[in-house]
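A quick write-up on the structure given underneath.
Note: hydrogens, waters and symmetry copies are ignored here, and every other heavy atom, side chains too, is used.
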Amino acid sequence: MKYFLIAGEASGDIHGSQLISSIRNHDAEAEFQFLGGDMMARAAGCQPMIHYRDMAFMGFIEVIKHLRSIMGFMRRAQKGIEAFKPDALILIDYPSFNLKMARFAHLRGLPVFYFISPKVWAWKEWRVKQIKECVDRVYSILPFETEFFARHGYEVQYVGNPTVKEIAQARGTFVSVGEFAARNGLDPHKPIIAIVPGSRVKEVRDNLPPMLEACSRHTDCQAVIAGAPSLDAALYASVMGHSRVPVLHGQSFELVAHARAALVTSGTATLETAILGTPQVACYRMNGSKLVYRFYSHLIHGKYVTLPNLIADEPVIPELLLHLCNADTIDSHLTPLLAASTQRRLMLDGYARMAKRLGTADCTDNTATGIINYLNEHNA
């Protein structure tokens, strides 16, 4: 069978590559076309129709500025689907773009599957109606989503979480902290503070400066930045200015695993850090405005924003959003995590409860099986 996938960011590229491999394990003759990145390209054996780095626009203003480009990408994707004639469209997060593609495919009778649902439980709850109308099956990677969708009269399947599998696989390649330090020119005797400032240009520009300032207060530690695969080294240099903090690309999991603590821009990376077992402070400054904070407070539903807290349904990690995210508040939470403190122990205990809720199911295998079974049943 033929599968068309759409992923619009770095995390989607990782998860999409795993799903492609799982589909191929069950369907050796599978053919793929996709919007995504280099990891999906390696798994599919072909290049993306559009690379996700060209589509990674963030925030209302940035989207408006690039609206013509976004509409052009959408038209190219639609033409690609019509030319490829797939048996299924598989969407991976990226909701503003993907829900429009879901409607396009649904109106043409093409089965639509969503792997990694839009976060409608946090905001834009009205999108549930679009999902119910245009998506045949949702394969959820967050255990609390099944209950949320059930309240809206829509059944979704929790298949497990891909980050659990990805990190389990990655752990087998990790070297000792001494070897890691030697390989990257780090001081093997200084504890590492991992800085994970996001995968988009705006995230790095907004979050990296206060993260660096907080780290600079801990001269007995060494800060190391996890470079995003889609971002150029020149971006980090321009944001750092005179600071000389190493940037490691392609080693994010291992960097975080070897760190004493981490400063992490809110997103999938907070979950990755929790599964790796490294205490963290979640940061999301954006423009730091109190007015914007109040605005988003009315839009966002629920008690928490970060995935570890949402999954555990308790405040496992601190969430420093917008104007609350500054060097002083970051450091007030970071300092106790660097020591053998009560805060550090409680966070690690919370990680254990979160991991229990996530389970260890192979989510991409479960999703691949679900999609193939659905297509076989409806094509019989």
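No side-chain N or O of H333 forms a donor-acceptor pair with one of Q343 less than 3.5 Å apart. For Q18 and T364, the side-chain atoms include no donor-acceptor pair closer than 3.5 Å. Looking only at atom types and distance, the side chain of T306 has a donor-acceptor partner in the side chain of N309 under 3.5 Å away. Judged purely by distance below 3.5 Å, without hydrogens or angles, the side chains of Q251 and N184 pair a donor atom with an acceptor atom. Using a 3.5 Å distance cut-off with no hydrogens or angles, the side chains of N366 and T369 do not pair a donor with an acceptor.
In the hydrophobic clustering of ILVMFWY residues, with side-chain heavy atoms under 4.5 Å counting as a link, V224 and L212 come out apart. Two different hydrophobic clusters hold V239 and L248 under the rule that ILVMFWY side chains link at heavy-atom gaps under 4.5 Å. Linking Ile, Leu, Val, Met, Phe, Trp and Tyr whenever their side-chain heavy atoms come within less than 4.5 Å leaves L338 and V177 in two separate clusters. No path of Ile, Leu, Val, Met, Phe, Trp and Tyr side chains, each step under 4.5 Å between heavy atoms, connects I20 with I14, placing them in separate hydrophobic clusters. A continuous path of ILVMFWY side-chain contacts below 4.5 Å connects I193 to L348, so both sit in one hydrophobic cluster.
Summarising the geometry, atom CG belonging to L19 is positioned 5.5 Å from atom CD1 belonging to I371; distances are rounded to the nearest 0.5 Å. Considering CD of Q78 and CE of M101, their distance stands at 5.0 Å, rounded to 0.5 Å. Here H51 contributes atom NE2 and F34 contributes atom CZ; the two are 8.0 Å apart, rounded to the nearest 0.5 Å.
For the pair R108 (side chain) and F104 (backbone), a donor-acceptor distance under 3.5 Å is present. Using a distance-only test at 3.5 Å, with no hydrogens or angles considered, no donor-acceptor pair links the side chain of R353 to the main chain of A312. No side-chain donor-acceptor contact under 3.5 Å links S17 to the backbone of M40. Here the side chain of D331 pairs no donor or acceptor atom with the backbone of A327 at under 3.5 angstrom. No side-chain donor-acceptor contact under 3.5 Å links T335 to the backbone of S332. The main-chain N or O of M39 is found under 3.5 Å from a side-chain atom of D13 such that the two form a donor-acceptor pair. Of the possible donor and acceptor atoms, one in the side chain of Y114 sits under 3.5 Å from a partner among the backbone N and O of D93. The backbone N or O of G80 lies less than 3.5 Å from no partner atom in the side chain of Q33, so there is not a single donor-acceptor pair. Formation of a donor-acceptor pair under 3.5 Å by the D206 side chain with backbone atoms of R285 is not found in this model. Without hydrogens or angle criteria, E319 side chain to V305 main chain gives a donor-acceptor distance under 3.5 Å.
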Going through the checks in order, is the side-chain contact (heavy atoms from CB on, under 4.5 Å) test met by I275 and L358? CA-CA 10 Å; I275 294 172; L358 280 176; 4.1 Å; yes

Run the numbers on K303 and D313 for salt bridge (Lys or Arg N to Asp or Glu O under 4.0 Å), then give the verdict. CA-CA 9 Å; K303 295 177 286 185; D313 195 26; 3.5 Å; yes

Carefully, step by step, assess C215 and L263 under the rule side-chain contact (heavy atoms from CB on, under 4.5 Å). CA-CA 9 Å; C215 289; L263 304 179; 3.6 Å; yes

Where do D349 and R345 land on the salt bridge (Lys or Arg N to Asp or Glu O under 4.0 Å) test, with the steps shown first? CA-CA 6 Å; D349 289 346; R345 178 180 57 78; 3.6 Å; yes

Full working for salt bridge (Lys or Arg N to Asp or Glu O under 4.0 Å) between E9 and R200: CA-CA 9 Å; E9 50 197 355; R200 297 181 176 96; 2.4 Å; yes

When you look at R217 and D328, which way does the salt bridge (Lys or Arg N to Asp or Glu O under 4.0 Å) test go after all the steps? CA-CA 10 Å; R217 301 176 185 182; D328 290 337; 2.9 Å; yes

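Environment of CD in Q47: sparse, with no more than 12 heavy atoms of neighbouring residues, nucleotides or ligands closer than 6.0 Å. Counting non-hydrogen atoms of neighbouring residues, nucleotides and ligands closer than 6.0 angstrom, the CD atom of Q169 exceeds 12 such neighbours. Counting non-hydrogen atoms of neighbouring residues, nucleotides and ligands closer than 6.0 angstrom, the NZ atom of K356 reaches no more than 12 such neighbours.
Salt-bridge annotation for K132 and E155: absent, with no side-chain N of the basic residue lying under 4.0 Å from a carboxylate O of the acidic one. Of the charged side-chain nitrogens involved, at least one lies within less than 4.0 Å of a carboxylate oxygen, so that E147 and R151 count as a salt-bridged pair. Salt bridge R103/E133: present, at least one basic N to carboxylate O contact under 4.0 Å.
Here the options are T278, L346, L276, I317, the test is side-chain contact (heavy atoms from CB on, under 4.5 Å), and the partner is Y351; only I317 passes. For the ring pair (Phe, Tyr, Trp, His ring centres under 6.0 Å) with H152, the qualifying choice from Y154, F149, F148 is F148, the only one to do so.
For the pair F253 and R171, the minimum side-chain heavy-atom distance is 4.5 Å or more. Looking only at side-chain heavy atoms (C-beta outward), L142 and W121 come within less than 4.5 Å of each other.
Under the 6.0 Å distance and 45° angle rule, K2 counts as a cation-pi partner of F84.
Between H258 and F174, the ring-plane angle classifies as tilted under the 30° and 60° cut-offs. Taking the six-membered ring for Trp and thresholds of 30 and 60 degrees, Y374 and H378 have nearly parallel ring planes, at less than 30 degrees apart.
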